[in-house]
Amino acid sequence: MNQVIGIDLGGTAIKLGRFNQDGNCLQSLTIPTPNPATPAAVLDAMVDAIAQIDPHKNARAIGVGTPGPADAAGRIAIVGINLDGWHNIPLADWLEAKTGLPTIIANDANCAGLGEAWLGAGRRFRNFILLTLGTGVGGAIILDGKLFVGHQGAAGELGLVTLNPDGPPCNSGNQGSLEQYVSVVAIRRRTGMEPEELGKLAKAGDPFALEFWRNYGRDLGIGLTSSIYILAPEAVVIGGGVSASAEFFFPYAIAEIERRVLPSSRARLQLLPADLGNSAGMVGAAKLAQQVIGNNASC
């Protein structure tokens with residue numbers, strides 16, 4: 001039975017899992033990301049952790065989700081957000097040299113999308129988009145059951161679409177991007193509070209929190225309309241920590257989408273919370289690794 005290793009590389013933690021071909025996690029491990037998180041230090045930490053979860057060397061390939069864009073071939077981490085010195089790092093080559101296993105990498109949000117497509121909220125759909133509402137806002141596009149990465153591997157940055165051309169500046173160089181209204185950082189800026197706190201207050205019926213989530217849902221719905229018009233997905237899956245309060249903002253996002261998007265472009269569209277939580281990236285990285293096995297077998 002083909003086994004693979006999925007790795008979710010984050011700024012504070014590295015999550016690893018060994019999976020069989022059905023997506024069952026046979027063993028998992030979470031380790032702190034080295035500080036400073038230089039490429040060499042992270043590579044050594046990954047190699048040591050791989051040896052721990054696969055002591056008998058049953059895995060046949062490795063997939064890695066990285067916090068930033070990867071090249072279209074899945075070889076190079078172009079930038080590592082919150083990682084020191086990560087610019088054009090040939091991470092796949094390095095891991096292959098250290099482990100002897102074929103390796104592929106992808107943006108962490110793309111991995112989350114693959115994970116939800118395989119075992120999560122997207123498994124019933126051939127065409128859907130994922131938004132991860134966290135510190136930033138990541139995105140992934142699944143078209144005809146496959147991850148769409150575009151010409152240079154950078155497609156799916158759905159959080160960087162313009163919501164307000166006169167809005168706050170974005171690290172991307174854009175201004176008023178969706179991320180500047182619905183990310184955790186944006187929520188803190190707009191309210192001085194954490195999303196979890198606002199969720200608890202909303203559950204208690206606090207008027208300020210309920211009004212905030214109403215406006216938040218409206219912003220999210222408006223920000224999704226362009227992607228829906230372009231891609232006409234069957235579903236929009238919402239993940240990330242902010243999605244824990246989905247009950248308070250989904251109705252307003254749906255109402256905004258229905259108001260702004262033609263029925264022909266949103267036929268039977270579903271807005272759904274993600275299923276896999278913090279394991280989505282690791283699961284999707286494992287799916288990437290399985291694809292590497294399949295490609296090698298067909299050569």
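No hydrogens, no waters, no symmetry mates; every other heavy atom, side chains included, goes into these values.
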Undergrad: Less than 4.5 Å apart, any side-chain heavy atom of Glu116 and any of Val283?
TA: no

Undergrad: Under a 3.5 Å distance rule, please check whether Trp86 uses its side chain to pair with a backbone N or O of Ala37 as donor and acceptor.
TA: yes

Undergrad: Scan residues 268-281 for pairs that pass salt bridge (charged side-chain N to carboxylate O under 4.0 Å, His left out), counting only residues two or more places apart or in two chains.
TA: Arg123-Asp275

Undergrad: Would you say the side-chain atoms of Glu234 pair up with the backbone N or O of Asn127, donor to acceptor, closer than 3.5 Å?
TA: yes

Undergrad: Do Leu231 and Leu269 belong to the same hydrophobic cluster, where Ile, Leu, Val, Met, Phe, Trp and Tyr are linked whenever their side-chain heavy atoms lie under 4.5 Å apart, directly or via other members?
TA: yes

Undergrad: Would you indicate whether the side-chain heavy atoms of Phe19 and Lys287 approach each other to under 4.5 Å?
TA: no

Undergrad: I'd like to check Gln52 versus Leu16 (side-chain heavy atoms, cut-off strictly below 4.5 Å). Are they in contact?
TA: no

Undergrad: Minimum heavy-atom separation for Val182 and Ile187, please, with both atom names.
TA: O-CD1, 4.3 Å

Undergrad: What closest approach, in Å, do Ala140 and Gly113 show between heavy atoms, and which atom pair accounts for it?
TA: CB-CA, 3.9 Å

Undergrad: Please round to the nearest 0.5 Å and tell me the distance separating atom CG of Asp54 and atom NE2 of His56.
TA: 8.5 Å

Undergrad: Return yes if some donor-acceptor pair links the side-chain N/O of Glu256 with the main-chain N/O of Arg218 below 3.5 Å, else return no.
TA: no

Undergrad: Check whether Gln3 reaches the backbone of Lys57 with its side chain - one donor and one acceptor, N or O, closer than 3.5 Å.
TA: no

Undergrad: Go through the structure and list residues passing side-chain hydrogen bond (donor to acceptor under 3.5 Å, both in side chains) with Gln27, not counting sequence neighbours.
TA: Arg18

Undergrad: Arg260 and Ile222: side-chain contact (heavy atoms from CB on, under 4.5 Å), yes or no, with the steps?
TA: CA-CA 8 Å; Arg260 294 175 179 270; Ile222 295 170; 3.4 Å; yes

Undergrad: Do Phe208 and Leu198 make a side-chain contact, defined as non-hydrogen atoms from C-beta onward lying under 4.5 Å apart?
TA: yes

Undergrad: Quick check: closest heavy atoms across Ala121 and Pro273, and the distance to 0.1 Å?
TA: CB-O, 3.5 Å

Undergrad: Return the minimal non-hydrogen interatomic distance between Arg75 and Asp93, and the atom names on each side.
TA: NH2-OD1, 2.5 Å

Undergrad: Would Ile78 and His87 count as a side-chain contact (heavy atoms from CB on, under 4.5 Å) here? Give the steps.
TA: CA-CA 5 Å; Ile78 297 172; His87 299 283; over 6 Å; no

Undergrad: Between CD1 of Ile105 and CG of Leu95, what distance do you get to the nearest 0.5 Å?
TA: 9.0 Å

Undergrad: For Asn278, what residues pass the side-chain hydrogen bond (donor to acceptor under 3.5 Å, both in side chains) criterion, not counting sequence neighbours?
TA: none

Undergrad: Are the side chains of Arg189 and Pro168 in contact, using a 4.5 Å heavy-atom criterion?
TA: yes

Undergrad: Return yes if some donor-acceptor pair links the side-chain N/O of Asn107 with the main-chain N/O of Ala109 below 3.5 Å, else return no.
TA: yes

Undergrad: Is the Lys NZ or Arg CZ of Arg214 less than 6.0 Å from the centre of Tyr252's six-membered ring, within 45° of the axis?
TA: yes

Undergrad: Quick one: list whatever passes side chain to side chain contact (heavy atoms under 4.5 Å, CB included) with Asn35, sequence neighbours left out.
TA: none

Undergrad: Within the 4.5 Å heavy-atom criterion, are Phe212 and Met193 side-chain neighbours or not?
TA: no

Undergrad: Using modelled atom types only, decide if a donor and an acceptor are shared between the side chain of Thr225 and the backbone of Val261 within a distance under 3.5 Å.
TA: no

Undergrad: For Phe128 and Pro233, work out which heavy atoms get closest and say how close.
TA: CA-CB, 3.9 Å

Undergrad: Could you see if Leu210 belongs to whatever hydrophobic cluster contains Leu220? Use Ile, Leu, Val, Met, Phe, Trp, Tyr and a side-chain cutoff under 4.5 Å.
TA: yes

Undergrad: With the 4.5 Å side-chain cut-off for hydrophobic clustering, are Ile62 and Leu26 part of the same group?
TA: no

Undergrad: Side-chain donor-acceptor pairs under 3.5 Å in residues 237-251, sequence neighbours left out?
TA:
| residue | atom | partner | partner atom | Å |
| --- | --- | --- | --- | --- |
| Ser243 | OG | Gly240 | O | 2.6 |
| Glu247 | OE2 | Lys203 | NZ | 2.9 |

Undergrad: Rounded to the nearest 0.5 Å, how far does CZ of Arg190 lie from CG of Asn215?
TA: 7.0 Å

Undergrad: Side chains of Leu133 and Tyr216: does their closest heavy-atom pair fall under 4.5 Å?
TA: yes

Undergrad: Do Ile7 and Ile14 come close enough that some side-chain heavy atom pair is under 4.5 Å?
TA: yes

Undergrad: Rounded to the nearest 0.5 Å, what separation is found between the CD1 atom of Ile53 and the CD1 atom of Ile5?
TA: 4.5 Å

Undergrad: Might you work through the salt bridge (Lys or Arg N to Asp or Glu O under 4.0 Å) test for Lys200 and Glu197, ending with a clear yes or no?
TA: CA-CA 5 Å; Lys200 291 177 181 177; Glu197 186 179 0; over 6 Å; no

Undergrad: Show me, pair by pair, the donor-acceptor contacts under 3.5 angstrom made by side chains of residues 142-158, not counting sequence neighbours?
TA:
| residue | atom | partner | partner atom | Å |
| --- | --- | --- | --- | --- |
| Asp144 | OD1 | Arg126 | NH2 | 3.1 |

Undergrad: In a check of side chain to side chain contact (heavy atoms under 4.5 Å, CB included) between Leu178 and each of Asn164, Leu160, Val161, Thr162, which one passes?
TA: Val161

Undergrad: Short question: side chain of Arg266, backbone of Glu258 - any donor-acceptor pair under 3.5 Å?
TA: yes

Undergrad: If I compare all heavy atoms of Asp108 with all of Pro67, which pair ends up nearest, and what's the gap?
TA: OD2-CA, 3.3 Å

Undergrad: Give a yes or no on whether Val64 and Met282 share a hydrophobic cluster (residues Ile, Leu, Val, Met, Phe, Trp, Tyr; joining criterion: side-chain heavy atoms under 4.5 Å apart).
TA: no

Undergrad: Give, for atom NZ of Lys98 and atom CG of Asp48, the distance between the pair rounded to the nearest 0.5 Å.
TA: 9.0 Å

Undergrad: Okay, side chain of Thr103, backbone of Leu101: is any donor-acceptor separation there less than 3.5 Å?
TA: yes

Undergrad: Cluster question for you: counting only ILVMFWY and a side-chain heavy-atom cut-off of under 4.5 Å, with indirect links fine, are Ile76 and Leu83 together?
TA: no

Undergrad: Mind checking the CG-CD spacing from Asp219 to Gln180? Nearest 0.5 Å is all I need.
TA: 12.0 Å

Undergrad: Would you indicate whether Asn171, at its atom CG, is surrounded by more than 12 heavy atoms from other residues, nucleotides or ligands within a distance under 6.0 Å?
TA: no

